[in-house]
Amino acid sequence: MAGIAIDKLVKRYGATQVVHGIDLTIEDGEFVVFVGPSGCGKSTTLRMIAGLEDINDGTISIGGQVVNRLEPKERNIAMVFQNYAIYPHMSVAENIAFGLYTSGLDKAAKRKRVEEVGEVLGLTPLLERRPSALSGGQRQRVAIGRAMVRDPAVFLFDEPLSNLDAQLRAQMRLEIKRLHQRLGTTIVFVTHDQVEAMTLADRIVVMRDGHILQVGAPMELYEKPADVFTARFIGSPTMNVVPAKATAEAGRSSLQLGEAPLAWSTALPADVLVGVRPQELRVLEQGESADLVLSGTVVVVEPLGPETFVHVEAEGGLLLASASAKHPPVVGSAVRLGASASGLRLFDAKSERAL
Amino acid sequence: MTGSSLMQRFAPGRVIVWLLLLAGGLLMLTPLLFMFSTSLKDSADIYDLRLIPAAPTLDNYKTVLSDGRFLRWFWNSLAIATIVTLSNVFFDSLVGYTLAKFQFRGRYLVFLAILSTLMIPTEMLVIPWYVMAKNFGWLDSYWGIMFPGMMTAFGTFLMKQFFETVPNDFLEAARVDGLNEFAIFWRIALPLVTPALSALAIFTFLSNWTAFIWPLIVTTSKELYTLPVGLASFAVESQIQWELIMTGAALATIPTLAVFLLLQRYIVRGVVLAGLKG
Ligand SMILES: Nc1ncnc2c1ncn2[C@@H]1O[C@H](COP(=O)(O)OP(=O)(O)OP(=O)(O)O)[C@@H](O)[C@H]1O
Ligand SMILES: [Mg+2]
């Protein structure tokens with residue numbers, strides 16, 4: 001087992017730089033998830049950790065040893081690919097045994113390890129099958145088995161669940177989580193699905209355009225997003241972001257938004273973005289009041305069972321708010337939306353950084 | 001069978017296609033049938049052009065098979081075609097794989113150079129080959145017969161195209177699993193392109209089995225003749241013994257059929273990429 005230290009890591013493809021000197025320390029045994037939109041450099045970073053991609057600048061250390069110049073096989077890592085990449089011309093058992101290619105174990109010992117891993121992953125009855133006779137979830141399990149069998153210091157996962165349907169994805173998510181609890185091996189996991197990130201990670205690394213925007217525990221990112229991007233990326237449904245003006249009088253700032261100006265305890269720039277999660281923005285009852293009140297017209301109602309979301313055309317654009325599941329407003333009706341000051345996240349309109 | 005599928009079966013377009021295919025098939029089969037027919041005729045009957053021999057006899061087969069020369073030529077051809085085929089399957093795919101999966105300076109240039117040789121017909125290469133063989137002292141030897149075909153541009157091109165369809169994930173997974181580059185080629189990439197390998201093997205075997213001009217030019221000793229060259233020499237000695245030539249030719253189809261039957265199922269099976277979700 002080993003931690004990973006990434007220092008000023010740079011990747012260029014020809015003249016274009018795609019990873020811009022990122023720093024990150026991953027503790028031994030930690031489950032770290034990289035999230036970010038397509039093309040932000042998640043896979044590239046992971047592949048540099050794996051040794052499948054050359055490092056142009058900076059260093060990567062695994063277990064205290066700089067691995068920049070080491071081959072993948074010398075790094076004591078195992079990787080699971082998005083497309084599974086299990087070898088179609090070999091049986092499940094042979095595929096898993098391939099993870100032991102460099103182990104130097106004899107046939108019987110290999111077989112024993114394969115059976116143990118098969119047991120853990122529920123693959124025992126499938127060991128002699130060909131990959132073509134497996135379902136997507138089973139194939140992914142074989143790929144995980146091939147990675148596990150070696151007992152590596154670090155597991156690397158590149159969007160391993162994105163080819164599975166929603167139900168299977170949830171199930172495999174759980175299995176990977178339990179596997180981590182059981183093995184305690186350091187895991188670096190790449191996804192662009194924020195739900196996966198939230199549910200799996202000890203710490204989430206949010207990336208955009210080859211930079212790390214924020215690193216933190218899932219709830220930390222949810223509660224204190226460092227910028228608009230992270231705020232909107234983490235949490236479902238997406239946070240509402242409304243532009244607003246702020247004024248300062250006698251050292252006290254106030255936010256010019258909604259029915260009444262809202263006093264704010266800290267200094268604010270003139271232009272701000274106000275973020276409020278749909279769960280924090282409620283449809284108000286008749287006569288009810290709140291710190292921030294916005295009025296608008298209901299456009300769409302989305303009942304989800306325990307809660308109902310309504311899309312409201314209001315000051316600042318189309319907003320998503322929560323409503324009583326029992327008595328939701330009807331489409332076309334005028335509503336007042338309210339949020340408490342503690343539910344608001346303020347960002348600088350220019351830099352989009354949190355205030 | 002339902003009425004509509006009957007209608008489909010006998011739709012005018014289809015009927016025309018089937019008739020054309022039938023005509024083409026007959027056109028190809030006729031000479032073969034005459035070959036077999038003649039091989040069963042007595043030398044007196046060979047200009048009697050009936051398809052079914054009046055007095056069928058296996059005497060020609062006895063003559064040919066007991067003739068030491070024929071057997072020698074048969075084995076020569078078999079050995080040469082087999083060695084050249086194995087060499088092509090190995091080297092063409094090795095080079096094709098390298099061109100498909102490795103980035104290196106001059107890769108495109110190498111590929112173009114290989115491709116450009118495809119445009120030169122064998123007939124034009126015979127003289128340079130001959131000069132080369134003469135200078136190296138390879139004239140009238142097995143190696144002399146084989147060397148021009150040990151690797152082919154066509155095979156390299158074919159294999160390169162196929163290796164390009166092999167997803168990199170497989171190779172990278174193997175790299176992480178700790179295989180060296182040759183093992184990745186041999187144990188992962190090569191088994192994934194068996195259909196192409198089979199096609200290449202069949203094609204190479206057939207073209208070498210039937211090769212005529214180059215073996216004729218490069219050999220002078222009769223013991224080194226390949227079967228097509230040997231059979232043709234039946235014709236030039238004294239009088240043309242058509243019935244023996246046809247018998248030899250009929251026997252010569254056996255390895256061809258064997259190779260095809262052995263390998264065709266790999267081609268028909270198609271590229272299997274079941275280990276991958278794409
Ligand atoms: N071989 C390559 N040559 C040139 N550019 C590349 C190469 N591989 C990746 N890139 C570029 O590097 C950037 C980062 O790619 P990367 O694959 O790391 O993205 P990602 O975050 O994994 O995205 P996704 O979620 O779509 O997988 C992209 O802009 C991509 O176009
Ligand atoms: Mg990716």
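The figures that follow rest on heavy atoms only: side chains count, while hydrogens, waters and symmetry mates do not. Below, read A as the first sequence line, B as the second, and so on, with proteins coming before strands; counting in each chain starts at 1.
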Around atom [atom1] of [X], are there more than 12 heavy atoms from other residues, nucleotides or ligands closer than 6.0 Å?
| X | atom1 | answer |
| --- | --- | --- |
| N180(B) | CG | yes |
| R178(A) | CZ | no |
| F91(B) | CZ | no |
| F102(B) | CZ | yes |
| W129(B) | CH2 | yes |
| L109(B) | CG | no |

| query | Would you say Y87(A)'s side chain and R187(B)'s backbone share a donor-acceptor pair under 3.5 angstrom? | reply | no
At a 4.5 Å cut-off on heavy atoms, which part of [X] comes close to chain B: side chain, backbone, both, or neither?
| X | value |
| --- | --- |
| R47(A) | side chain |
| L100(A) | neither |
| A147(A) | neither |
| F81(A) | side chain |

Where [X] and [Y] come nearest, the two heavy atoms and their spacing:
| X | Y | result |
| --- | --- | --- |
| R175(B) | P72(A) | O-CB, 4.0 Å |
| Y101(A) | A183(B) | OH-CB, 3.7 Å |
| M90(A) | I188(B) | CE-CD1, 3.8 Å |

| request: Quick one: pull up CG in N95(A) and CG in D177(B) and give me the separation to the nearest 0.5 Å. | output: 9.0 Å
| message | Nearest 0.5 Å, please: how far is CG in D169(B) from CE in M79(A)? | response | 8.0 Å
| Does the side chain of V176(B) come within less than 4.5 Å of R150(A)'s, by heavy atoms? | yes
| remark: The side chain to side chain contact (heavy atoms under 4.5 Å, CB included) partner of H89(A) among L192(B), T194(B), L190(B) is L192(B)
